[in-house]
Amino acid sequence: MAFWWPLIVAASAYAICRFLLMLIPFNVPSIDVDASDVTEGNQTQENSFIYIPPRGRAQQSDKKVQCYEPATMKYLGFFPALSPAEVHDRVAQARKAQKIWAESSFKQRRQFLRILLKYIIEHQELICEVSSRDTGKTMVDASLGEIMTTCEKITWLLSEGEKWLKPEYRCSGRAMFYKKSRVEFHPLGVIGAIVSWNYPFHNIFNPMLAAVFSGNSIVIKVSENASWSGLFYFRIIQAALAAVGAPENLVDVITGFAETGEALVSSVDKIIFVGSPGVGKMIMRNASDTLIPVTLELGGKDPFIVCEDADVSHVAQIAVRAVLQSSGQNCAGAERFYVHRDIYSSFVTEVTKIVKSVSVGPPLAGRCDMGAICLQEHSDKLQILVNDALEKGAEIVVRGSFGHLGEGAVDQFYPPTVLVNVDHTMKLMQEETFGPIMPIMKFSTDEEAVKLANDSRYGLGCAVFSGSQRRAREIASQIHCGVAAVNDFASNYMCQSLPFGGVKDSGFGRFAGVEGLRACCLVKSVVEDRLWPYIITKIPKPIQYPVGENGFEFQQSLVELLYGLNIRDKLRALVNVLKILSEHNSSNSKSR
């Protein structure tokens, strides 16, 4: 005890000091971001009319990105669709800034993150309102998907980011036992990101935070469906960078259509894409011209499995939230529901009660549980999927009701819809829906549930619910996807230490977590002498040029000495190695 007592006292003192240090607030300056032109009520007169967007791809010929509120169709303004030459110029400026930022300290990078975090916490309502106006989502959904996830990422980077970017020492193996081996993580240069509209705040901040903290610059092309909010959020980043003395143009946000995105892919050192499989494939083809690394997050059609021993009322609440969040805002929505036949009727009854209580309407016009659909004409596509299911035998058990909608925005809303008697012949169970539709299918055994879940070209995530955590875990482990939640839904993304991404048509590569952070780096392997200059590598005499007659025999014995499976063979090999070396030394002495 006398030996351990001083160690216990020292450890306790260290822990207390660390705790007290945590209580000392950091000196984090505030930043001022002009929001006068994005708050409700400050709309200029020329931007106060109802906008009627052109159908199809007609807008792209206008060379302007027109912006409007999907919930009300109020016009928000326009931004330029940048030409390839303009994109290349923006990337060139970002490349110059990166060379300076690559020499920045982690202390400076952490201060940048703290300034952002402070602003986000103090301006939650503003950030959520801008997201809501541009995409139609509710304020609560914006808080959950935009604010909390971004704050979680920032705090994880503050806590662990530097640790995972420092050199990592590895075992040198048997042959190189006298060497030191490590992995170094260097900035790649200019990261390009093409992000979707569903989380306009987080989809900008997510790649930006990882890129900047790892010493890169980044150019982000925002979606043409969320450019208005994206360029406001860019102001926040610019103000925070200026506050820490970062070089101008380290981060840039650009607007445009396909031509703009193609130019970005052709000029950066890595591309991160969040979007559809079709566009993802085109980006891969374009990236092959310059052989840059690509990370693709291409959405999914996540299975939501409910076993007969699950808490029905509890899971029904989670299920409805999973569906309503995919009313146009959720890139990882649960879109296929598999419920054990023993609780199928009770689950459908619970879901029906919840959906009947849901209010749908413009998210900033009063209380509502679900907002508008962001994408133009998407409600027509949803109805086509529902009609296909009905023609093949499905039934609608409940549809939600609308609140007061403006005449010009009716097409931007779709009622929450629950269908039963569905199967995998229906497009609704195979194609990504991106809408508030809940198709519920029965299963009888765990094996059947796994088979149904894996019968999809997507493989992003899954959720499994059971009264037995072990059973839920075993089912989830058999589903071919990149993200699994046991007795929960989409909780993985709130754990920012975890990588996020999928397989199959859901893409490949990962962002978030250690894997996502290091994916923004040039990963370099370095080997050096452990005791240089006292012990250095010398080529053994038998294999020096000209190679001796017993050179191969020497190599055979050396391999057996290093990797043989029993001590007798190793000793025999050692004797032979020493013998050959001795013969070469004696022959060299005679020649001298």
Hey, mind stepping through Arg321 and Leu144 against side chain to side chain contact (heavy atoms under 4.5 Å, CB included) and telling me if it holds? CA-CA 12 Å; Arg321 171 157 287 283; Leu144 287 169; 3.5 Å; yes
What is the minimum heavy-atom distance between Leu561 and Ala573, and which atoms define it? N-CB, 3.6 Å
Looking at every non-hydrogen atom in both residues, tell me the closest pair between Asn206 and Phe511 and how far apart they are. ND2-CD1, 3.2 Å
Please determine, by modelled atom types, if Arg170 and Ser181 share a side-chain donor-acceptor pair under 3.5 angstrom. no
Which heavy-atom pair separates Thr150 from Glu146 by the least distance, and what is that distance? OG1-O, 2.6 Å
Describe, in one word, how the ring planes of Tyr493 and His202 are oriented to each other, choosing from parallel (under 30°), tilted (30 to 60°) and perpendicular (over 60°). perpendicular
Just so I know, are the side chains of Val339 and Val315 near enough to count as touching, which here means a heavy-atom distance under 4.5 Å? no
Provide the closest heavy-atom pair for Gln430 versus Tyr458 in the form atom of the first, atom of the second, distance. O-CE1, 3.9 Å
Non-hydrogen side-chain atoms of Ile305 and Phe443 separated by less than 4.5 Å: yes
Does a sphere of radius 6.0 Å around CD1 in Ile567 hold more than 12 heavy atoms from other residues, nucleotides or ligands, not counting ones at 6.0 Å or beyond? yes
Given the ring of Tyr344, does Arg341 sit roughly above its face, with NZ or CZ under 6.0 Å from the centre of the six-membered ring and within 45° of the axis? no
More than 12 foreign heavy atoms under 6.0 Å from CD of Glu448: is that the case here? yes
Report yes or no: do Ser217 and Lys96 form a side-chain donor-acceptor pair below 3.5 Å? no
Provide the closest heavy-atom pair for Val183 versus Val523 in the form atom of the first, atom of the second, distance. CG1-CG1, 3.4 Å
Exercise: identify the closest heavy-atom pair between Val253 and Arg90: O-NH1, 3.9 Å
Do Asp252 and Asn249 meet the criterion of a side-chain donor-acceptor pair at a distance under 3.5 Å? no
Taking atom CD as the centre, does Glu528 end up with more than 12 heavy-atom neighbours from other residues, nucleotides or ligands that are less than 6.0 angstrom away? yes
In terms of side-chain heavy atoms, does Tyr178 have a donor or acceptor partner in Thr537 at a distance below 3.5 Å? yes
Do Trp156 and Leu498 make a side-chain contact, defined as non-hydrogen atoms from C-beta onward lying under 4.5 Å apart? no
Can you classify the ring geometry of Phe337 versus Phe304 as parallel (below 30°), tilted (30 to 60°) or perpendicular (above 60°)? tilted
Looking only at the aromatic ring of each residue, does the gap between the centers of Phe213 and Phe112 stay below 6.0 angstrom? no
Do Ile194 and Val279 have side chains that get closer than 4.5 Å, going by heavy atoms? no
Under 6.0 Å from the NZ atom of Lys163, do we count more than 12 heavy atoms belonging to anything else shown? yes
Would you say the side chain of Asp269 lies within less than 4.5 Å of the side chain of Arg95, judging by non-hydrogen atoms? yes
Relative to the ring of Tyr338, is the ring of His424 parallel (under 30°), tilted (30 to 60°) or perpendicular (over 60°)? tilted
Check the side chains of Ser196 and Asn203 for a donor-acceptor pair under 3.5 angstrom, ignoring hydrogens and angles. yes
So if I apply the side chain to side chain contact (heavy atoms under 4.5 Å, CB included) rule between Glu560 and each of Arg572, Lys570, Gln555, which one comes out positive? Arg572
